[in-house]
Amino acid sequence: MPELPEVEVVRAGLAPAVDGARVLGAEVRDPRALKRHVPLGLDGLPGDDGLGGHGVTLTAAAGASRAADFERRVTGLRLAAPQRRGKFLWIPVVPPVPQAPPVERSAAESTPGPASSQALLAHLGMSGQLLLRALDAPDDRHVRIRLWIEHRVHGELRLDFADQRLFGSLALDGLVPAAGGGSVPEQAVHIARDPLDPRFDDAAFVAALRARASGVKKLLLDQGLVSGVGNIYADEALWRARVHPETPGRALGPRTARELLQRLRDVFAQALAEGGTSFDEQYVNVNGQAGYFAHSLNAYGRAGEPCPRCGRAIRRIVIGGRSSHFCPRCQRRR
DNA sequence: AGCTACACCTGATAGC
DNA sequence: TGCTATCAGGTGTAGC
């Protein structure tokens with residue numbers, strides 16, 4: 001589901017309730033939703049709880065200890081303002097300081113404070129949701145992890161991580177300095193900045209695109225080149241820029257490459273303004289509400305329907321095992 | 001470095 | 001009424 005606009009809607013929705021809140025407790029109902037969580041271990045090596053990580057099934061015992069580690073370490077943490085890079089979302093955390101001489105935090109209530117070295121990391125995968133709910137609200141479907149938080153203004157709330165397919169996860173992760181400034185979770189260091197990041201380097205991206213032989217759709221999906229782009233918005237940006245998805249990066253002129261980046265920003269901005277793309281209940285904001293951008297899709301999921309620009313039937317092909325939708329007239333191969 | 005194939009999952013839908 | 005196959009917004013790894 002969630003690509004940059006959806007994750008950004010979630011981040012923005014979380015911010016008021018989470019910034020400055022304290023975690024009162026945690027319940028891990030399904031440890032598979034902690035796939036990215038690395039328990040504190042003997043040497044800090046991933047998987048030193050025996051099993052887990054990507055593509056590896058968690059045993060019951062390993063799952064239970066991972067869940068216990070997460071519940072213990074997250075409880076009591078102070079949460080700061082949620083951040084995002086591409087599809088990765090994280091909330092910097094500050095450990096409870098027992099009898100810390102209360103540093104004047106009048107205007108600084110929203111900042112991580114001295115130096116947050118850890119974050120509560122979330123990736124929504126294909127079907128993850130972060131939901132803010134009243135304490136007595138009924139359970140949503142597929143709730144895998146529940147946090148109880150308390151905020152000075154908003155009082156006590158539940159922060160539920162729901163995920164049908166379990167490709168997403170929560171984790172506690174270390175924050176490290178990011179190239180170019182700021183900090184990112186360790187698990188997101190290899191993720192490029194996204195096109196809405198003020199520090200995104202347009203010229204470097206255009207050069208990188210034009211240096212590759214791969215088809216441009218694959219390049220757009222490469223989170224190490226540009227982040228936040230998934231299958232929907234790749235197809236939509238290519239349609240808007242009139243570029244065939246299999247055009248080699250090398251075959252793009254500088255003008256076309258820049259145009260493509262601009263169309264990507266356009267589609268992200270519009271989708272964000274419309275609350276993201278929801279096909280079913282898979283993607284919803286923190287209040288469980290769907291977005292409207294599905295009505296504005298021109299190519300994605302419209303195989304056989306007329307191109308809104310020229311009327312020719314939209315085609316569907318498979319690229320890298322995933323559906324690609326494009327207009328065979330507007331988007332000519334070169 | 002780049003590619004494919006596959007792993008991790010649940011659930012909706014289509015076809016027999 | 002099953003059963004099976006296919007599909008779905010993502011990412012990380014192994015193996016060539």
Side-chain angles (χ1 to χ4, degrees), chain A residues 1-10 29-38 46-47 51-59 62-63 85-89 121-129 140-144 161-169 171 173 185-192 194 208 211-237 246 248-250 267-268 271-272 275-285 290-291 293-294 296-297 299-303 316-325:
Chain A
M1 127 232 206
E3 305 180 32
L4 184 149
E6 292 76 31
V7 180
E8 176 57 20
V9 167
V10 170
R29 297 185 178 183
D30 191 330
R32 292 176 299 176
L34 288 176
K35 186 164 55 169
R36 290 174 174 82
H37 179 66
V38 180
L51 284 166
H54 298 279
V56 184
T57 304
L58 205 62
T59 64
R85 175 178 286 201
K87 305 170 197 172
F88 282 79
L89 173 63
L121 174 68
H123 197 293
L124 302 179
M126 292 281 262
S127 52
Q129 309 173 338
D140 294 275
R141 294 242 285 167
H142 308 301
V143 171
R144 312 294 189 179
F161 178 71
D163 189 7
Q164 180 208 115
R165 292 180 69 185
L166 287 160
F167 290 170
S169 64
D173 197 17
E186 287 175 44
Q187 297 190 48
V189 285
H190 64 295
I191 302 296
D194 59 66
R212 302 274 220 106
S214 294
V216 65
K217 165 130 187 205
K218 279 184 191 163
L219 297 175
L220 288 179
L221 294 178
D222 181 347
Q223 305 296 302
L225 258 188
V226 55
S227 67
V229 187
N231 211 29
I232 296 178
Y233 298 108
D235 282 2
E236 292 300 306
E246 288 175 311
R250 273 180 192 158
V267 77
F268 276 165
L272 195 47
T277 302
S278 305
F279 297 131
D280 37 43
E281 288 295 275
Q282 291 273 70
Y283 163 67
V284 291
N285 68 12
F293 192 72
S296 304
L297 295 173
Y300 183 86
R302 302 221 177 280
R316 174 186 177 277
I317 60 174
V318 174
I319 299 177
R322 314 187 68 191
S323 295
S324 281
H325 314 76

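Between the OH atom of A:Tyr283 and the P atom of B:dG11 there is a distance of 22 Å, given to the nearest Å. Between the P atom of B:dC9 and the CZ atom of A:Phe161 lies a distance of 14 Å, rounded to the nearest Å. Between the CZ atom of A:Arg32 and the P atom of B:dC8 there is a distance of 11 Å, rounded to whole Å. When rounded to the nearest whole Å, the span between CE of A:Met126 and P of C:dT11 equals 10 Å. Rounded to an integer number of Å, the gap from CG of A:Leu225 to P of B:dC3 is 11 Å. Rounded to whole Å, the distance from CD on A:Glu3 to C1' on C:dG10 is 9 Å. In this structure, the NZ atom of A:Lys217 is 19 Å from the P atom of B:dG2, given to the nearest Å. Straight-line distance from the CD atom of A:Gln164 to the C1' atom of B:dA12: 9 Å, rounded to whole Å.
Nearest heavy-atom pair across A:Ala294 and A:Ser278 is CB-O, 3.6 Å. Across all their heavy atoms, A:Pro2 and A:Leu124 have their closest contact at CG-CB, 3.4 Å. Minimum interatomic distance between A:Tyr283 and A:Thr277 (heavy atoms only, all atoms of both residues): CD2-O, 3.3 Å.
Applying the 4.0 Å criterion to OP1 and OP2 of B:dG11, one finds that A:His142 has a side-chain N or O inside that range. OP1 and OP2 of B:dC8 both lie 4.0 Å or more from every side-chain N or O belonging to A:Lys35. Of the side-chain N and O atoms in A:Arg141, none sit less than 4.0 angstrom from OP1 or OP2 of B:dT10. Checking the phosphate oxygens (OP1, OP2) of C:dG12, no side-chain nitrogen or oxygen of A:His123 falls inside 4.0 Å. Using a 4.0 Å cut-off, no side-chain N or O of A:Arg212 falls inside it from OP1 or OP2 of B:dA1. Note on A:Arg144: every side-chain N or O is 4.0 Å or more away from OP1 and OP2 of B:dC9. The phosphate of C:dA8 has OP1 or OP2 within less than 4.0 Å of a side-chain N or O from A:Ser323. Proximity of A:Thr57 to the phosphate of B:dA7: no side-chain N or O atom is located under 4.0 Å from OP1 or OP2.
Aromatic stacking is marked for A:Phe167 over B:dC8, as both cut-offs hold: 5.5 Å for the centres and 30° for the planes.
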One pair to check against side-chain contact (heavy atoms from CB on, under 4.5 Å): A:Asp235 and A:Ser324. What are the steps and the verdict? CA-CA 6 Å; A:Asp235 282 2; A:Ser324 281; 4.0 Å; yes

Please step through ring pair (Phe, Tyr, Trp, His ring centres under 6.0 Å) for the pair A:Phe279 and A:Tyr300, ending with a clear verdict. CA-CA 11 Å; A:Phe279 297 131; A:Tyr300 183 86; 5.8 Å; yes

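Comment: A:Arg32 does not engage A:Asp163 in a salt bridge, judged by the lack of any side-chain N to carboxylate O separation of less than 4.0 angstrom. Checked for salt-bridge contact, A:Lys87 and A:Asp194 miss the test: no charged N lies under 4.0 Å from a carboxylate O.
C:dT6 sits 13 Å from B:dC6 when the P atoms are compared, rounded to a whole Å. A distance of about 16 Å separates the P atoms of C:dA5 and B:dA7, rounded to the whole Å.
Looking at A:Gln223, its side chain never comes within 3.5 Å of a backbone N or O of A:Gly86 through a donor-acceptor pair.
Among the protein residues, A:Tyr300 comes within range of the sugar-phosphate backbone only, with heavy atoms under 4.0 Å from sugar or phosphate atoms but none that close to a base.
At a threshold of 4.5 Å between non-hydrogen side-chain atoms, the residues A:Val143 and A:Arg29 count as touching.
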Between the protein and nucleotides 4-6 of chain B, which nitrogen or oxygen pairs come in under 3.5 angstrom?
unit_1: B:dT4; atom_1: OP2; unit_2: A:Lys218; atom_2: NZ; d: 3.3

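Between A:Arg316 and A:His190, it is A:Arg316 whose nearest contact on DNA chain C lies nearer the 5' terminus.
Ranking B:dG2, C:dG12, B:dC9 by closeness to the A:Ser214 side chain, first place goes to B:dG2.
Consecutive Watson-Crick or G-U pairs involving DNA chain B, each under 3.5 Å on both distances, make up stems of three or more pairs at B:2-8 with C:10-16, B:10-16 with C:2-8.
Taking the side-chain contact (heavy atoms from CB on, under 4.5 Å) definition, one finds that A:Phe268 meets it with A:Leu4, A:Pro5, A:Pro195, A:Leu196, A:Val229, A:Tyr233, A:Leu264, sequence neighbours left out.
Counting only N and O atoms by type, the side chains of A:Arg36 and A:Ser169 include a donor and acceptor under 3.5 Å apart.
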